[in-house]
Amino acid sequence: MSNVAYQVMWNRLISIVEEQAQALVRTAFSTSVREAGDLSAGVYNADGLMLAQAVTGTPGHVNAMADAVAHFIRRVGRENIFEGDVYITNDPWEGTGHLHDITVVTPSFHNGNHVGFFACTAHVVDIGGRGFGADAASVYEEGIYIPIMKFVERGTVDETLIRIVRGNVREPDQLVGDMYALATCNEIGQRRLAEMMDEFDLSDLGGIGDFILDNSRRATLERIAGLPQASADGGMTIDGFDAPIDLRVKLTIEKDRMICDFAGTSGLDKKGINVPLVYTKAYACYALKCAIAPEIPNNAASLAPFEVTAPVNSIVNAVHPAPVALRHIIGHMIPDTVYDALDEILPATVPAEGAGCLCNFQVSLRPAPGHNGTRSEVLTFNSGGAGARPTVDGLNATAFPSGVMTMPIEATEHTGPVIIWRKELRPDSGGAGQYRGGLGQYMEVGASSGHEFDFSAMFDRVDHPARGRQGGASGAPTTIARDDGTPMQGKGKQFVADGTRVVLGLPGGAGYGPAAGRDPELVKRDLIRGYISAESAVRDYGFDPQTVTDILETVARGETA
């Protein structure tokens with residue numbers, strides 16, 4: 001078959017898995033999937049090698065899921081793979097890093113022959129246990145564990161599994177609905193694949209699979225071969241739970257591979273912020289691919305030249321039974337750690353540090369004593385600012401590296417008696433620089449009258465804000481307090497009484513390059529938009545105070561400044 005035909009089929013496979021992902025978005029019960037896109041989808045050959053991934057989704061899911069199908073094959077056994085089967089797990093070490101991610105794998109058959117697999121992952125709002133937070137001391141406390149097993153065998157659902165799951169979680173209808181949505185989206189992928197195979201008269205995926213993997217491998221190796229062969233050290237310090245965490249990496253570029261060694265990184269934490277190696281690998285690979293080969297499609301072959309190692313029982317290579325519920329808090333900091341090293345080898349290539357981890361929180365609501373009301377679990381995803389890039393400002397309130405979307409207020413408030421009283425960009429939170437860091441957000445969170453709640457905080461950058469690059473200033477740190485001014489912790493479950501609100505300042509991204517080099521017209525634009533204050537224009541960018549006053553007065557009169 002011609003290369004042109006294979007290229008058409010490759011594009012078709014990417015379209016198929018994107019339709020698979022969109023089907024999950026449309027059918028999922030959890031707002032984390034429907035509104036934030038915290039999911040992934042992919043198609044694999046019969047050996048379990050990922051051929052294509054959906055554009056919709058997160059690198060932490062899809063790059064971890066790239067290794068997952070091989071575990072399913074090993075656990076289920078090839079002799080037990082049947083048409084009509086659906087497999088499931090939330091194993092943190094053989095899935096995508098914590099119990100709150102459910103991965104579903106479906107073998108794909110065509111004309112009775114096993115030709116490959118479809119896989120998808122979604123983050124679910126509740127998995128039982130202590131709830132989504134860092135408070136557990138072991139994985140056993142973090143929720144129900146589903147080993148790799150059959151959800152459906154030859155078309156028959158395992159009702160015992162369903163009953164066990166329903167009996168162990170706070171939102172059983174929502175979780176079981178998500179399980180069926182995951183299975184359904186794989187089924188849609190299978191239908192589209194069968195149509196493609198009929199159209200191109202394919203009996204298996206061997207030819208197209210070899211074409212995809214060979215070309216992806218060659219293109220990635222060519223890109224690596226063009227880089228300087230060198231080594232550099234990188235690192236950063238972040239908040240941790242009770243004590244700061246040191247992340248350390250040695251990046252080595254060889255002619256045919258790039259190696260990230262996390263020796264020197266802090267050891268395991270007692271609380272649930274530890275990271276299985278599969279998740280560390282996912283984000284280290286993502287960081288490197290973004291920097292050197294962003295246009296090469298993501299698959300098993302394009303990921304293979306990136307190697308990641310870390311000491312066992314370091315915080316980035318946690319083994320069972322370490323608590324790992326909030327593995328994303330550390331995992332989302334991996335790219336900035338890698339970029340600290342890569343900047344030494346490839347200057348003017350990578351951005352300044354950003355907020356890093358998602359600014360998530362979960363609200364467990366219940367009627368206050370003496371009141372009637374509704375119990376509910378509400379999880380919301382929010383973002384701080386992204387770091388400035390070598391030639392352009394950072395993005396406001398945009399998640400990097402996760403790519404997960406900020407959830408709309410309307411969707412959040414629809415899921416329970418929670419009220420978002422305030423949600424707006426945070427002026428002056430982006431680090432000053434020739435290119436300004438992205439802004440964080442202000443949020444104010446409460447509950448409907450007659451309700452109290454536990455607030456599970458999942459924040460970082462409280463004590464260690466994003467650092468600027470090449471002379472840029474740091475971004476603003478995270479702030480969290482009750483509305484009476486009482487400080488709250490950046491991580492952990494904390495009680496909030498009826499009538500009380502939580503006031504948040506989500507962190508800003510750092511600046512790139514010295515502020516003295518910023519175009520005055522960009523400073524003026526930021527001032528007019530309210531991104532920076534008059535004080536910042538004077539202090540950080542050297543504007544004359546009277547000039548600033550004149551600009552603001554002109555805008556106040558409705559005139560063009």
- Query: Can you check side-chain hydrogen bond (donor to acceptor under 3.5 Å, both in side chains) on Q22 and T56, steps first, answer last?
  - Reply: CA-CA 8 Å; Q22 291 301 322; T56 300; 2.8 Å; yes
- Residue pair D246, T237: steps toward the side-chain hydrogen bond (donor to acceptor under 3.5 Å, both in side chains) verdict: CA-CA 5 Å; D246 288 323; T237 300; 2.8 Å; yes
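Remark: K491 NZ is packed, more than 12 non-hydrogen atoms of other residues, nucleotides or ligands lying under 6.0 Å away. Atom NZ of K270 is surrounded by 12 or fewer heavy atoms from other residues, nucleotides or ligands within 6.0 Å. The environment of Q494 atom CD is dense: over 12 non-hydrogen atoms of other residues, nucleotides or ligands sit within 6.0 angstrom. Within 6.0 Å of the NE2 atom in H320, the count of heavy atoms belonging to other residues, nucleotides or ligands exceeds 12.
Side chains of T398 and S383: no donor on one and acceptor on the other come within 3.5 Å. In the model, Y145 has a side-chain atom that pairs as donor or acceptor with a side-chain atom of D91 under 3.5 Å. In summary, the side chains of Q53 and S40 do not present any donor paired with an acceptor at a separation below 3.5 Å, with no hydrogens or angles considered.
The shortest distance between side-chain heavy atoms of L251 and L288 falls below 4.5 Å. V105 has its side chain out of reach of F118: every pair of non-hydrogen atoms, C-beta onward, lies at least 4.5 Å apart. A 4.5 Å side-chain heavy-atom check between D454 and R366 finds at least one atom pair inside the cut-off.
Residues H98 and F132 place their aromatic rings such that the two centres sit under 6.0 Å apart. In this structure, F151 has its ring center under 6.0 Å from that of Y180.
Taking the six-membered ring where tryptophan is involved, the planes of Y286 and F400 are tilted, since the angle between them lies from 30° to 60°.
Note on residues 41-50: pairs passing salt bridge (charged side-chain N to carboxylate O under 4.0 Å, His left out), not counting sequence neighbours, are D47-R78.
Judged by distance alone, with hydrogens and angles left aside, the side-chain atoms of D38 form no donor-acceptor pair with the main-chain N or O of H123 at under 3.5 Å. A distance-only check finds no donor-acceptor pair linking the side chain of N90 to the backbone of H100 [under 3.5 Å]. Checking side-chain atoms of E353 against main-chain N and O of R467 turns up a donor-acceptor pair under 3.5 Å.
A salt bridge links R170 to D126: one of the charged nitrogens lies within less than 4.0 Å of a carboxylate oxygen. Here R327 pairs with D101 in a salt bridge; the nearest charged N to carboxylate O distance falls below 4.0 Å. K271 and D242 are not joined by a salt bridge, as no carboxylate oxygen comes within less than 4.0 angstrom of a charged side-chain nitrogen. A salt bridge does not link R130 with E142: none of the charged nitrogens is closer than 4.0 Å to a carboxylate oxygen.
Between E307 and the choices K281, K250, R257, the salt bridge (charged side-chain N to carboxylate O under 4.0 Å, His left out) rule is met once, by R257.
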